[in-house]
Amino acid sequence: MDSCGARGSKELAAALKKGIKANNLPITLETNHCMSKCHLGPTLRVVPNGPYIMGCQESDVPELLENLKKGDIKALAARFPLLGTEQE
Ligand code: FES
(Lines give C-alpha, C1' and ligand atoms only; values in the text may rest on other atoms or scores of the structure.)
Protein backbone atom coordinates (compact mmCIF):
# COMPACT_ATOMS: atom_id res chain seq x y z
CA MET A 1 0.00 0.00 0.00
CA ASP A 2 1.34 3.40 -0.95
CA SER A 3 1.79 6.00 1.74
CA CYS A 4 0.70 9.60 1.39
CA GLY A 5 4.35 10.45 0.82
CA ALA A 6 4.41 8.23 -2.25
CA ARG A 7 1.22 9.93 -3.43
CA GLY A 8 2.51 13.50 -3.34
CA SER A 9 1.86 14.64 0.24
CA LYS A 10 5.25 16.29 0.69
CA GLU A 11 4.79 18.43 -2.42
CA LEU A 12 1.19 19.16 -1.41
CA ALA A 13 2.22 20.21 2.11
CA ALA A 14 5.01 22.47 0.82
CA ALA A 15 2.73 24.21 -1.69
CA LEU A 16 -0.07 24.55 0.83
CA LYS A 17 2.24 25.98 3.47
CA LYS A 18 3.59 28.49 0.95
CA GLY A 19 0.05 29.46 -0.12
CA ILE A 20 -1.16 29.86 3.45
CA LYS A 21 1.74 32.21 4.17
CA ALA A 22 1.37 34.15 0.89
CA ASN A 23 -2.33 34.68 1.59
CA ASN A 24 -1.72 35.47 5.26
CA LEU A 25 -4.37 32.96 6.29
CA PRO A 26 -4.82 32.31 10.01
CA ILE A 27 -4.17 28.61 9.53
CA THR A 28 -1.42 26.41 10.89
CA LEU A 29 -0.39 23.44 8.80
CA GLU A 30 0.98 20.57 10.81
CA THR A 31 2.23 17.34 9.35
CA ASN A 32 2.23 13.98 11.03
CA HIS A 33 3.35 10.51 10.20
CA CYS A 34 0.08 8.77 9.31
CA MET A 35 -3.68 9.01 9.87
CA SER A 36 -4.36 5.40 8.83
CA LYS A 37 -6.03 6.25 5.53
CA CYS A 38 -2.98 5.74 3.36
CA HIS A 39 -4.87 4.07 0.50
CA LEU A 40 -6.92 7.25 -0.04
CA GLY A 41 -4.26 9.87 0.60
CA PRO A 42 -2.76 12.29 0.67
CA THR A 43 -4.77 12.75 3.83
CA LEU A 44 -5.61 16.20 5.18
CA ARG A 45 -7.79 16.94 8.16
CA VAL A 46 -9.13 20.23 9.42
CA VAL A 47 -8.90 20.28 13.20
CA PRO A 48 -10.50 20.35 15.61
CA ASN A 49 -13.33 18.07 14.60
CA GLY A 50 -13.17 18.90 10.92
CA PRO A 51 -13.61 16.52 8.03
CA TYR A 52 -10.95 14.60 6.21
CA ILE A 53 -9.96 16.04 2.84
CA MET A 54 -8.66 13.21 0.75
CA GLY A 55 -6.56 12.69 -2.32
CA CYS A 56 -5.80 16.24 -3.36
CA GLN A 57 -2.52 17.04 -5.05
CA GLU A 58 -0.17 19.99 -5.36
CA SER A 59 -2.13 21.13 -8.43
CA ASP A 60 -5.25 21.43 -6.25
CA VAL A 61 -3.66 23.97 -3.88
CA PRO A 62 -5.26 27.04 -5.55
CA GLU A 63 -8.69 25.46 -5.07
CA LEU A 64 -7.84 24.48 -1.49
CA LEU A 65 -6.72 28.03 -0.73
CA GLU A 66 -9.84 29.60 -2.26
CA ASN A 67 -12.08 27.45 -0.08
CA LEU A 68 -9.94 28.02 3.00
CA LYS A 69 -10.14 31.79 2.42
CA LYS A 70 -13.93 31.51 2.30
CA GLY A 71 -13.96 29.15 5.26
CA ASP A 72 -15.89 26.68 3.13
CA ILE A 73 -14.60 23.45 4.61
CA LYS A 74 -17.75 21.57 3.61
CA ALA A 75 -17.01 22.31 -0.05
CA LEU A 76 -13.52 20.90 0.37
CA ALA A 77 -14.84 17.76 2.03
CA ALA A 78 -17.37 17.33 -0.77
CA ARG A 79 -14.77 17.90 -3.48
CA PHE A 80 -12.17 15.60 -1.88
CA PRO A 81 -14.29 13.10 0.06
CA LEU A 82 -13.35 10.31 2.37
CA LEU A 83 -15.00 7.65 0.22
CA GLY A 84 -17.10 5.01 1.88
CA THR A 85 -17.75 6.98 5.03
CA GLU A 86 -20.15 9.63 6.14
CA GLN A 87 -18.64 12.89 7.28
CA GLU A 88 -20.39 15.48 9.32
S1 FES B 1 0.55 7.88 5.26
FE2 FES B 1 -1.10 9.27 5.10
S3 FES B 1 -2.76 8.30 6.05
FE4 FES B 1 -1.13 6.90 6.20
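Both ligands and their constituent atoms are indexed starting at 1 by order of listing. On a predicted model such as this, the values are computed, not experimentally measured, just so you know.
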**For Cys34, atoms of ligand 1 separated by under 4.0 Å from a heavy atom** =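 Selected atoms, number and element: 1 (S), 3 (S), 4 (Fe).
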**Asked** Would you call Val47 and Glu30 a side-chain contact if the rule is heavy atoms closer than 4.5 Å?
**Response**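 A side-chain contact is absent here, since even the closest heavy-atom pair is not under 4.5 Å.
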**Request:** For Cys38, counting its heavy atoms only, list the atoms of ligand 1 lying under 4.0 Å from any of them.
**Result:**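 Going through ligand 1 atom by atom, the ones under 4.0 Å from Cys38 are 1 (S), 3 (S), 4 (Fe).
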**Request:** State the OG-CD distance between Ser9 and Gln57, to the nearest 0.5 angstrom.
**Result:**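 Taking OG in Ser9 and CD in Gln57, the distance rounds to 9.0 Å.
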**Close side-chain approach of Ile73 and Asn67, heavy atoms under 4.5 Å** =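 Side-chain contact under 4.5 Å: no.
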**Asked** What protein heavy atom sits nearest atom 2 (Fe) of ligand 1, and how far away is it?
**Response**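 Looking at atom 2 (Fe) of ligand 1, the protein heavy atom closest to it is Cys4 SG, 2.2 Å.
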**Message:** Distance under 4.0 Å to a non-hydrogen atom of Lys37: what atoms of ligand 1 satisfy this?
**Reply:**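 Listed by number with element: 3 (S).
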**Request:** Identify the heavy atoms of Leu29 and Ala13 that sit nearest to each other, and give their distance.
**Result:**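 Taking every non-hydrogen atom into account, CD2-O, 3.4 Å.
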**Prompt:** Taking it one step at a time, do Phe80 and Leu64 satisfy side chain to side chain contact (heavy atoms under 4.5 Å, CB included)?
**Reply:** CA-CA 10 Å; Phe80 302 101; Leu64 291 170; 4.1 Å; yes
**Prompt:** Applying a strict 4.0 Å limit to heavy atoms, is Ser36 in contact with ligand 1?
**Reply:**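 Contact present.
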